[in-house]
Number of protein chains: 2
Amino acid sequence: MFIGELAKKTNTKVETIRYYEREGILPAADRTDANYRDYSPVHLAKLTFIRRSRDLGFSMAQVRSLLDLAVDDDQPCAGVDAMAREHIINVDRKIADLTLLRAELSHLLNACDSERIGKCRIVEALGEPRR
Amino acid sequence: MFIGELAKKTNTKVETIRYYEREGILPAADRTDANYRDYSPVHLAKLTFIRRSRDLGFSMAQVRSLLDLAVDDDQPCAGVDAMAREHIINVDRKIADLTLLRAELSHLLNACDSERIGKCRIVEALGEPRR
DNA sequence: TCTTGACCCTATAGAGGCTATAGGGTGCAT
DNA sequence: ATGCACCCTATAGCCTCTATAGGGTCAAGA
């Protein structure tokens, strides 16, 4: 399949796919006589993996090491597991922060409804150094 | 406090602080006779807020607008109200996204039966197109 | 057969948000 | 007075894409 089809299937911009190839994160595809990239189902799976990992908030470097871990059949679980675990901690912290911010924002709305502008404490809500 | 101390306290690079000042998102500090920036606790809270917000995925423009809400002079209620409402929608969407992501990550963890080496399905799971 | 239009190619530049480097001043301890 | 860690400005570069310019390829239709 050509790059456009791969792009559609993985919901990725064509330019981004070429960028991934330049970065060496997606293996180069075979070329047709007309020098078109010709992708295989393996590329599709790998790119899907990359995109999904990026969506889940892993950095390029992390995706790289996830891919490396995937190649090594011996101990993939421990490494991948550890990365996911660490990531979950971050996500939980973010959800907590956003919930705080949300509360302050809706407080602001209520203050407004009661005709008196309340003090906005959004900075106070998130302005404290983390415990 | 000087810029280095502020940097340490907020886990921010000195260069980044100066960048925020140039961008007008963090107010300029007073200067000492030697032209050193001299920061107050107010700067500390504001910068902490900025960093947290950025970490939560708000763009610079969004952080700017959140900070505008915090200017507690009597602004026209309607404007503040509309802005706060908009941000709440945004925050709710972020919370929903992260909650989903959290579920997926913990699903990933479950897919890893670490007792059985070589049977890790995390990698497979990431390579599947999204249902 | 010739043209049109959707695709493909490379190379390069730009955006957003930092981060690093060069070249130099400040201030305190030894 | 000499180090050394810190501060200053100005400018260039990095990361992850995304867009643009300038140009080939190919199937379908006039």
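In what follows, every chain begins at residue 1, and chains take the letters A, B, ... in the order their sequences are listed.
A/I50 pairs in a side-chain contact (heavy atoms from CB on, under 4.5 Å) with only one of the listed residues (A/I17, A/T12, A/L26), which is A/L26.
In this entry the distance linking CZ of B/F2 with C1' of D/dA5 reads 13 Å, nearest Å. What separates OH of B/Y39 from P of D/dC6 is a distance of 16 Å, to the nearest Å. Atom CD1 of A/I3 is separated from atom C1' of C/dT10 by 12 Å (rounded to the nearest Å). Here C/dC7 presents its P atom at 16 Å from CE of A/M1, a figure rounded to the nearest Å. Atom CD1 in A/I17 sits about 15 Å away from atom C1' in D/dT16, given to the nearest Å. Per the geometry, CZ belonging to A/R31 stands 13 Å off P belonging to D/dT25, to the nearest Å. Put simply, CG on A/D38 is 12 Å from P on D/dC26, counting in whole angstrom units.
Cluster partners of A/F2, using a side-chain heavy-atom cutoff of under 4.5 Å among ILVMFWY residues and allowing indirect links, are A/Y36. The hydrophobic cluster of A/I89 has no other members, since no ILVMFWY side-chain heavy atom comes under 4.5 Å of it.
The side-chain hydrogen bond (donor to acceptor under 3.5 Å, both in side chains) test applied to A/H87 returns no partner, not counting sequence neighbours. A/V42 meets the side-chain contact (heavy atoms from CB on, under 4.5 Å) test with A/S40; sequence neighbours excluded. Applying the ring-ring contact (aromatic ring centres under 6.0 Å, His included) criterion to A/Y20, with sequence neighbours excluded, gives no partner residue. Take B/K13 and apply the side-chain contact (heavy atoms from CB on, under 4.5 Å) test, not counting sequence neighbours, and it matches B/E15, B/T16.
Summarising the geometry, atom CD1 belonging to B/I88 is positioned 10.5 Å from atom CD belonging to A/E104; distances are rounded to the nearest 0.5 Å.
Toward the 5′ end of DNA chain D lies the nearest nucleotide of B/E5, the other residue of the pair A/E23 and B/E5 mapping further downstream.
Here B/R37 reaches the OP1 or OP2 of D/dC8: one of its side-chain N or O atoms lies under 4.0 Å away.
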Heavy-atom protein contacts under 4.0 Å, nucleotides 14-30 of chain C, coded B base, S sugar-phosphate only, - none: ---BBBB----BBS---

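Within the helix from C/dT1-D/dA30 to C/dT30-D/dA1, the inter-axis angle between the opening and closing five-pair segments is 20°, rounded to 10°.
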Kindly list each side-chain donor-acceptor pair under 3.5 angstrom involving residues 93-102 of chain B, sequence neighbours excluded, with atom names and distances?
from	atom 1	to	atom 2	distance (Å)
B/R93	NH2	B/N90	OD1	3.1
B/K94	NZ	B/G57	O	3.0
B/T99	OG1	B/I95	O	2.6
B/R102	NH1	A/D92	OD1	2.8
B/R102	NH1	A/D92	OD2	2.5

